[in-house]
Structures are given as C-alpha cells and as structure tokens.
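Worth saying up front: this structure is predicted, and the values here are computed from it rather than measured. Keep in mind that the numbers below use all heavy atoms, side chains included, and drop hydrogens, waters and symmetry copies.
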Amino acid sequence: MKFMGVFVFLLIWGVVTCDDHAPNAVSYSAKTFATEVDKMRHFVMFYAPWCGHCKRLSPVWDELAQFFNKDFAMSKLVIGKVDCTVETALCADQDVTGYPTLKYFKKGASSLESVRFRGNRGLREFQDFIEEQFILEEDSTQMEKQKPIEPEKALGPLVELTDETFEKEIATGNTFVKFYAPWCGHCKSLAPTWELLAQEFEHESSVTIAKVDCTLHKTTCNKQNIHGYPTLVFFRNGERDQEYSKRDLDSLKKFVISMVGKEIKSGDETEGKIPEDIPKDQEDEIVPTVFPLDQETFPEVVADGVTFVKFYAPWCGHCKRLAPVWDDLSTKFIGSSFIRLGKVDCTVEKLLCKLHKVRGYPTLLLFRDGEMVAEYSGARDVGSLEAFVNNNIEAKNRDEL
C-alpha cells in the first residue's frame with residue numbers, strides 16, 4: 001500500500017524519473033500542469049535539455065527545489081519544470097520564446113496568469129523573489145477581506161498617487177514618482193529622504209514629487225512594469241522619461257534640477273552669454289563685466305579658472321547695496337583670462353539656487369574649475385572682496401605647482 005501511495009503521488013505530479021535536469025523539481029506535462037498549478041503556488045522553469053543556460057541553471061534550480069519541495073515541504077510552494085522539447089504546445093501557450101523562462105503562478109490563478117522572473121539567476125535572488133510574491137499575495141488577500149477605504153493622503157508636499165489619480169496627475173508637467181512597497185527594507189530607508197526631497201521642491205511649480213504604493217495600486221504598477229522596489233521614474237507630460245537609481249538626497253536633487261532644467265529657456269536669447277571682446281573704440285573706457293548666469297550658461301562659465309558668483313534677489317536690500325560694489329569689483333579683473341564675476345537672480349533661476357544650497361541673499365560663492373571651493377562671508381567692500389579673490393588665485397597657482 002505504501003508503494004502504491006508513492007506511485008500515485010508520482011503519477012499525479014508527473015515526475016519523469018529519467019530526467020536528470022534538476023531532479024528535485026517536479027516535472028509537468030500539459031495535462032498535469034493545467035490541473036495542479038491551480039491548486040498551489042508554483043515557480044516553474046520552462047527549459048530545453050540542450051540549452052547551455054538551462055544546464056548552468058540546473059544545479060541552482062535543483063537546490064531551490066530540494067528546499068521547497070522536500071526540506072520545507074509545508075511551504076505550499078512547488079518548484080517545477082517543463083521540458084519544452086516535449087511539451088511544445090504547453091510552452092507555446094505560456095509564451096515561452098527563450099530558454100530558460102521562469103514563471104511564478106499564485107494559488108487559484110489561471111495557468112495563463114503568471115509573473116515572469118527577470119533577475120539574476122542565483123539562489124538568493126530566487127528566494128527574495130518568492131518572498132516578495134508571497135507578501136504581495138498576502139497583502140492582496142487582506143485588502144480583499146477589508147472594506148474599500150480612501151487612500152491615505154500624503155503629509156506635506158509629497159503627493160500620493162492611486163490607480164484612480166495616477167494618469168491625471170502625471171498628464172502635464174514634470175512628476176518624479178517613487179514606486180514602493182511598505183514591507184520593502186530599501187523603501188523604508190528611502191522614505192525620509194523622499195519626504196525631504198518633496199520639501200525641497202514644495203514651492204517649485206515646475207515639478208511634483210510623488211509616490212505610489214504598489215501593494216495597493218497594482219494596476220498602475222503593472223502598467224508601468226514595476227518589478228522591484230523602490231523604482232524611481234521621472235515622467236514628463238504623461239510620458240515615462242527616465243528611471244533613476246541613486247537614493248541620497250543630494251543626487252536626487254541634482255537629478256530633478258537637471259531634468260527640469262532641460263525645459264528652462266531664458267526669455268532673452270542673448271542674456272547670460274559670454275560677451276565678445278571689448279570693441280577697440282571702447283578700450284579706454286573700463287566697463288563692468290559681470291556675467292548674468294542661468295541654468296544653461298552656468299556650467300560653461302564656471303568650468304575653467306576662478307569664478308566669483310553672486311546669488312541674489314532683486315527685492316533684497318543688501319543685494320541692492322552690493323550691486324555697484326560687485327560691478328566695481330569686476331573691473332579689477334578685466335583682461336584676466338582665468339577669473340570672472342557672475343550673478344544669478346534666484347527669483348528666476350530657482351532650481352540653480354537650490355542646487356547650490358542658497359538660503360539667504362546675497363550668497364557669494366567662489367568656484368574653481370567647476371567646483372565650489374569657498375563661500376565669502378566677510379565685509380562687502382571692494383578691497384575685502386578683491387583680497388578674497390586674489391587669495392584664491394594664489395591657492396590655485398600653488399595647486400598647479
């Protein structure tokens with residue numbers, strides 16, 4: 001009787017004893033696959049025995065099957081396999097176009113409903129993927145048991161998007177979206193940084209910082225092909241523009257500024273460009289040369305040599321008093337090929353000022369070869385400012401020796 005029980009079990013599961021490809025995995029035929037996958041969670045490898053990638057995967061898949069099918073048999077997950085050189089019709093139905101193809105089937109789902117695994121084929125990655133699928137299923141089950149509730153509204157400037165609001169909210173303008181799952185460790189680590197990022201751009205109408213909980217709003221996340229958490233995507237006028245991977249606040253701010261900066265155009269095409277040499281008929285007249293800088297011209301102007309930049313606001317009283325001094329200071333360096341003075345109107349170039357952490361006006365920053373090296377906080381007379389610049393020129397010369 002015990003032998004007959006084992007025989008029936010093997011017959012039901014369709015194990016082919018002569019198959020040495022990941023022998024601990026349960027082998028399926030078209031008939032057994034259709035009936036058994038609906039009963040229990042399955043993670044299935046569709047393969048061809050001659051396939052090199054399949055052969056390399058075989059020992060890893062066998063170890064995974066040993067764990068879930070035997071060592072941890074109460075897991076309610078079956079690690080399976082289908083030989084596509086034998087079950088060609090089944091593999092065609094599963095849209096298998098390459099080997100190996102790995103698919104996860106949740107309990108009770110149609111045999112045609114699955115999640116395709118696309119990551120690295122290591123044991124750790126497989127286990128993480130399976131755990132993620134288990135948690136997503138549990139969240140889904142809990143949501144189905146609960147009465148529908150209104151989605152939580154994000155606190156402060158961070159916008160929380162739902163299946164109902166996503167398309168409408170990203171349809172116009174720029175939106176930087178974090179797709180996440182509450183149980184994800186990396187998402188939890190990123191959460192306070194994402195809140196700070198939203199605060200940084202709270203008063204910037206050209207961009208919105210948002211988030212989508214993929215355990216609640218699966219339709220949106222599936223449509224956007226979100227396969228891992230967190231996934232950060234920048235949308236422009238409803239279209240997916242670029243995905244971003246760095247997660248520190250400074251990198252995120254620079255990324256947003258660079259993306260929004262693509263759209264910024266100055267009202268006057270000639271303003272902010274590096275002027276040509278002084279005409280000969282004006283050589284006797286010392287004309288102040290302060291470069292008005294914007295998002296586009298700033299990197300070019302500060303890239304080489306020493307550049308002293310005033311970040312200001314036109315309404316600021318201290319800025320107004322500094323303006324003639326700044327012009328006088330610029331005349332001290334006329335004819336120099338490696339030092340220049342610039343100015344940035346922060347009421348216009350908000351993102352550029354945010355990038356350089358300008359908190360008050362005026363803010364005076366000195367750049368050397370594209371890098372900010374010093375902030376000036378001394379007296380605002382021509383002599384003191386000139387001495388500060390000269391000291392930095394000497395520092396540059398010493399560095400070059």
(message) Any salt bridge linking Glu386 with Arg380? Criterion: basic side-chain nitrogen under 4.0 Å from a carboxylate oxygen.
(response) no

(message) Whether Lys223 and Glu167 form a salt bridge (side-chain N of Lys/Arg under 4.0 Å from carboxylate O of Asp/Glu) is what I want to check.
(response)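 Yes.
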
(message) With ring-ring contact (aromatic ring centres under 6.0 Å, His included) as the test, pick out the partner of Phe43 among Phe68, Phe129, Phe105.
(response)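 Looking at Phe68, Phe129, Phe105, the match for Phe43 under the ring-ring contact (aromatic ring centres under 6.0 Å, His included) is Phe129.
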
Pairwise distance [atom1]([X]) to [atom2]([Y]) - rounded to 0.5 angstrom:
| X | Y | atom1 | atom2 | value |
| --- | --- | --- | --- | --- |
| Arg236 | Thr175 | CZ | OG1 | 10.5 Å |
| Leu161 | Asp213 | CG | CG | 11.5 Å |
| Thr219 | Gln224 | OG1 | CD | 11.5 Å |
| Leu64 | Leu123 | CG | CG | 6.0 Å |
| Met45 | Tyr28 | CE | OH | 13.0 Å |
| Ile170 | Asp241 | CD1 | CG | 11.5 Å |

(message) Between Val82 and Tyr47, does the side-chain contact (heavy atoms from CB on, under 4.5 Å) criterion hold? Intermediate values first, please.
(response) CA-CA 6 Å; Val82 174; Tyr47 73 102; 5.7 Å; no

Keeping [X] on the side-chain end and [Y] on the backbone end, is there a donor-acceptor pair under 3.5 Å?
| X | Y | answer |
| --- | --- | --- |
| His53 | Cys51 | no |
| Glu243 | Val233 | no |
| Thr88 | Thr85 | no |
| Thr101 | Gly98 | yes |
| Lys103 | Val96 | no |
| Lys357 | Lys354 | no |
| Trp194 | Leu249 | no |
| Ser58 | Ala22 | yes |

Flag for [Y]-[X]: side-chain donor and acceptor within less than 3.5 Å:
| X | Y | result |
| --- | --- | --- |
| Lys106 | Gln133 | no |
| Asn69 | Asn24 | no |
| Ser251 | Asp248 | yes |
| Thr172 | Asn237 | no |
| Tyr180 | His186 | no |

(message) Apply salt bridge (charged side-chain N to carboxylate O under 4.0 Å, His left out) to residues Arg359 and Glu200 and explain how you reach the verdict.
(response) CA-CA 12 Å; Arg359 304 293 185 187; Glu200 287 285 340; 3.7 Å; yes

Does [X] reach the side chain of [Y], with side-chain heavy atoms less than 4.5 Å apart?
| X | Y | value |
| --- | --- | --- |
| Phe33 | His42 | no |
| Thr208 | Phe201 | no |
| Asp62 | Pro23 | yes |
| Val301 | Arg340 | yes |
| Cys353 | Val344 | yes |
| Leu293 | Asp345 | no |
| Leu364 | Val309 | no |
| Lys211 | Val159 | no |

Would you call the rings of [X] and [Y] parallel, tilted or perpendicular if under 30° counts as parallel and over 60° as perpendicular?
| X | Y | answer |
| --- | --- | --- |
| Phe234 | Phe176 | tilted |
| Phe367 | His356 | perpendicular |
| Phe179 | Phe166 | tilted |
| Trp315 | Tyr361 | perpendicular |

(message) Between Ile339 and Thr307, is the side-chain contact (heavy atoms from CB on, under 4.5 Å) condition met? List the steps.
(response) CA-CA 6 Å; Ile339 184 164; Thr307 311; over 6 Å; no

Provide the closest heavy-atom pair for [X] versus [Y] in the form atom of the first, atom of the second, distance.
| X | Y | value |
| --- | --- | --- |
| Ile79 | Ile130 | CD1-CD1, 4.4 Å |
| Leu57 | Pro100 | CD2-CG, 3.7 Å |
| Lys332 | Val382 | CE-CG1, 3.7 Å |
| Lys55 | Pro59 | O-CD, 3.4 Å |
| Gly122 | Val60 | C-CG1, 4.2 Å |
| Ala191 | Lys178 | CA-NZ, 3.9 Å |

(message) If the condition is side chain to side chain donor-acceptor pair (under 3.5 Å), which residues does Ser384 pass it with, not counting sequence neighbours?
(response) Asp381

(message) Name the residue from Lys253, Lys254, Arg247 that meets the salt bridge (Lys or Arg N to Asp or Glu O under 4.0 Å) definition with Asp250.
(response) Lys254

(request) Given side-chain contact (heavy atoms from CB on, under 4.5 Å), test Val44 with Lys81 step by step and report yes or no. (result) CA-CA 5 Å; Val44 180; Lys81 60 183 179 180; 5.5 Å; no

(message) For Phe388 and Phe308, I'd like to know if the aromatic rings sit close, meaning centre-to-centre distance below 6.0 Å.
(response)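 Close enough - the centres of the two rings lie under 6.0 Å apart.
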
(request) Please lay out, stage by stage, how Arg41 and Tyr104 fare under the test side-chain contact (heavy atoms from CB on, under 4.5 Å). (result) CA-CA 8 Å; Arg41 300 180 180 104; Tyr104 178 91; 3.0 Å; yes

(message) Show, in sequence, the C-alpha distance, side-chain angles and deciding distance for Asp294 and Thr297, and conclude whether the side chain to side chain donor-acceptor pair (under 3.5 Å) test is met.
(response) CA-CA 5 Å; Asp294 59 21; Thr297 60; 3.0 Å; yes

